[in-house]
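Working notes for the structure below.
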Amino acid sequence: MPIFLYDSGAAEVHMRSACPPIMYSCKYLSFSSSKSDMDLIARRVVDQLEGDEGLDRLAEYADANTERGQCLLKTICEDMGFDSLSYQSLQGMIEAIGIDPEKICIYCWDGRE
């Protein structure tokens with residue numbers, strides 16, 4: 001939570017992530033310290049909003065252009081105490097990396113092996 005920023009005089013706190021919300025724990029590397037998908041904030045929010053039914057809609061939640069994606073952003077933003085929150089799209093992240101998409105593992109974001 002950005003409480004220390006507000007306590008230090010910040011009038012607002014806006015968070016921008018260089019990648020999309022992580023939806024799947026990495027099975028290949030220790031990319032994140034999570035041992036379970038429920039350790040991931042995005043998955044906890046999806047579970048909070050829809051329970052197990054949300055598992056079939058993870059791609060929608062990961063896309064900020066959808067209603068579910070907007071709901072995910074709003075909920076995380078409120079829970080974390082940010083004034084605004086935005087994630088990079090998966091396509092935008094891939095383009096920014098500048099590596100052939102066939103050579104990039106994106107399992108953590110889309111769950112495809």
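Within the 4.5 Å cutoff, no side-chain heavy atoms of R43 are placed close to those of D47. At a threshold of 4.5 Å between non-hydrogen side-chain atoms, the residues W109 and I94 do not count as touching. Proximity of R57 to T66: side-chain heavy atoms (C-beta onward) are nowhere separated by under 4.5 Å. Annotation: side chain of M80 is not in contact with side chain of M15 (no heavy-atom distance under 4.5 Å). When side chains are defined from C-beta on, S36 counts as touching D39, because their heavy atoms get closer than 4.5 Å.
Applying the 6.0 Å contact sphere to CZ of R112 captures no more than 12 heavy atoms from other residues, nucleotides or ligands. Around atom CG of D52, no more than 12 heavy atoms belonging to other residues, nucleotides or ligands sit under 6.0 Å away.
Of all non-hydrogen atoms in P21 and A42, the two that sit nearest each other are CB-CB, 3.9 Å. When all heavy atoms of R44 and M38 are compared, the closest pair comes out as CG-O, 2.9 Å. In this structure, M23 and L58 approach most closely via the heavy-atom pair CE-O, 3.9 Å. Residues L40 and S25 come closest through the heavy atom pair CD1-N, 3.6 Å. Shown here for A64 and L73, the closest heavy-atom pair between the two residues is CB-CD1, 3.7 Å. Nearest heavy atom pair, residue L90 against residue I106, reads CD2-CD1, 3.9 Å.
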**Asked** side-chain contact (heavy atoms from CB on, under 4.5 Å) between C105 and E113: does it pass, once the steps are laid out?
**Response** CA-CA 8 Å; C105 177; E113 298 184 49; over 6 Å; no

**Asked** Can L49 and Y61 be said to form a side-chain contact (heavy atoms from CB on, under 4.5 Å), step by step?
**Response** CA-CA 11 Å; L49 296 170; Y61 279 106; 3.9 Å; yes

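For the pair D83 (side chain) and H14 (backbone), a donor-acceptor distance under 3.5 Å is absent.
Within the structure, side-chain hydrogen bond (donor to acceptor under 3.5 Å, both in side chains) pairs that include any residue of residues 90-104 comprise Q91-E95 (at least two apart or interchain).
Atoms CE and OH, from M93 and Y87 in turn, are 13.0 Å apart once rounded to the nearest 0.5 Å. Here I97 contributes atom CD1 and C19 contributes atom SG; the two are 9.5 Å apart, rounded to the nearest 0.5 Å. Rounding to the nearest 0.5 angstrom, the gap separating the OG atom in S8 from the CD1 atom in I3 is 11.5 Å. Between the CD1 atom of I76 and the CD1 atom of I41 there is a distance of 5.0 Å, given to the nearest 0.5 Å.
Partners of N65 by side chain to side chain donor-acceptor pair (under 3.5 Å), not counting sequence neighbours, listed by chain and number: D63.
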